[in-house]
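Just so we're clear, the structure is a prediction, and the values are computed from it rather than from any experiment.
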Amino acid sequence: MNSQELNLTSELARLLYYTAHIATTIRQHSKQATGRTHRLRNGKDIWQLADTLHNFDLLGHAILANNPQTMLRVCDLLLKDYQRYIERYAVPLANVEISGNIKAGNYMVDLQEGMEIITEIQTRVRPFTKMASAHQGGQS
């Protein structure tokens, strides 16, 4: 296609770190966690956090297929999902009551951070969709 290769190493490393943070939050606030004074409001909260992860497989498939157009479509889907989650369920970190030595960042997830990572992926991928379109147009 061209001499430039799409390199998402930095963005994917951040996404892995972010995913691990969500998984840790889910684990720390599940029914099985003992000795925790801070719980998510109910079992639905755990599902809602898990929902922030479940479509990452679509992004992984698009990246493995080296398909920039699909990567952008999946990023759009993920951003819409995150926005919907924020509007319906999320409690801003500033509004979380904290007691003891626990800080909000230790047990809540910053969904804006996830959106920033996804947006960075979009920004990195977008030029490759234009190159693919130009390449396909030149083959006609």
Side-chain angles (χ1 to χ4, degrees):
M1 185 163 106
N2 70 355
S3 61
Q4 276 190 319
E5 291 291 323
L6 177 59
N7 183 348
L8 296 171
T9 303
S10 177
E11 293 81 3
L12 293 177
R14 286 189 64 211
L15 190 61
L16 283 171
Y17 179 80
Y18 179 74
T19 301
H21 180 67
I22 292 174
T24 300
T25 301
I26 290 170
R27 185 170 186 220
Q28 289 175 337
H29 299 284
S30 69
K31 278 185 177 180
Q32 290 75 23
T34 57
R36 300 293 298 187
T37 57
H38 296 283
R39 295 259 185 254
L40 297 172
R41 290 187 310 261
N42 55 48
K44 263 185 147 178
D45 290 341
I46 297 292
W47 285 16
Q48 291 158 358
L49 277 178
D51 278 349
T52 66
L53 302 176
H54 83 279
N55 282 327
F56 284 167
D57 67 328
L58 298 174
L59 182 58
H61 288 294
I63 291 169
L64 286 173
N66 196 26
N67 188 327
Q69 289 89 355
T70 302
M71 289 180 218
L72 281 183
R73 282 195 300 272
V74 171
C75 285
D76 286 339
L77 169 76
L78 290 169
L79 289 171
K80 287 176 187 172
D81 285 348
Y82 268 66
Q83 191 58 47
R84 190 170 36 251
Y85 180 86
I86 289 169
E87 289 168 1
R88 290 183 184 171
Y89 308 113
V91 176
L93 294 179
N95 294 349
V96 175
E97 288 185 30
I98 303 166
S99 62
N101 295 328
I102 297 176
K103 296 179 181 168
N106 290 341
Y107 72 99
M108 296 296 289
V109 174
D110 183 358
L111 297 176
Q112 290 296 333
E113 179 184 3
M115 291 182 75
E116 288 169 15
I117 296 167
I118 295 164
T119 301
E120 287 175 19
I121 292 171
Q122 278 185 316
T123 300
R124 181 79 65 158
V125 169
R126 190 164 279 114
F128 289 86
T129 61
K130 292 175 184 171
M131 287 184 242
S133 296
H135 181 70
Q136 288 173 353
Q139 287 183 339
S140 314

Give, for atom [atom1] of [X] and atom [atom2] of [Y], the distance between the pair rounded to the nearest 0.5 Å.
X: L72; Y: L59; atom1: CG; atom2: CG; value: 10.0 Å
X: L64; Y: D57; atom1: CG; atom2: CG; value: 11.0 Å
X: Q112; Y: M115; atom1: CD; atom2: CE; value: 5.5 Å
X: R73; Y: L78; atom1: CZ; atom2: CG; value: 13.0 Å

Less than 4.5 Å apart, side chain to side chain, heavy atoms only: is that true for E120 and R14?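 Result yes, sub-4.5 Å side-chain heavy-atom pair found.
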For a 4.5 angstrom cut-off between non-hydrogen side-chain atoms, does Q122 reach D76? yes
Find out if a path of hydrophobic residues (ILVMFWY) with successive side-chain heavy-atom gaps under 4.5 Å connects Y17 to L53.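 In one cluster: no.
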Would you say I63 ends up clustered with L16 if hydrophobic residues are merged whenever their side chains have heavy atoms under 4.5 Å apart, either directly or through other cluster members? no
Contact summary for [X] and [Y], nearest pair of heavy atoms:
X: T70; Y: A62; answer: CG2-CB, 3.7 Å
X: C75; Y: I121; answer: SG-CG2, 3.7 Å
X: L8; Y: M71; answer: CD1-SD, 4.3 Å

Listed by chain and number, what are the salt bridge (charged side-chain N to carboxylate O under 4.0 Å, His left out) partners of R124, not counting sequence neighbours?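 For R124 the salt bridge (charged side-chain N to carboxylate O under 4.0 Å, His left out) partners, ignoring immediate neighbours, are E11.
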Among residues at least two apart in sequence or on other chains, which ones pass salt bridge (charged side-chain N to carboxylate O under 4.0 Å, His left out) with E116?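 E116 satisfies salt bridge (charged side-chain N to carboxylate O under 4.0 Å, His left out) with no residue once adjacent residues are dropped.
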Just by modelled atom types, is the L58 backbone N or O under 3.5 Å from a matching donor or acceptor in the H61 side chain? no
Set of residues satisfying side-chain hydrogen bond (donor to acceptor under 3.5 Å, both in side chains) with respect to D81, sequence neighbours excluded: N55, R84
Tell me, with the steps shown, if Y18 and L111 meet side-chain contact (heavy atoms from CB on, under 4.5 Å). CA-CA 10 Å; Y18 179 74; L111 297 176; 3.6 Å; yes
Could you label the plane-to-plane angle of the F56 and Y82 rings as parallel, tilted or perpendicular, counting under 30° as parallel and over 60° as perpendicular? parallel
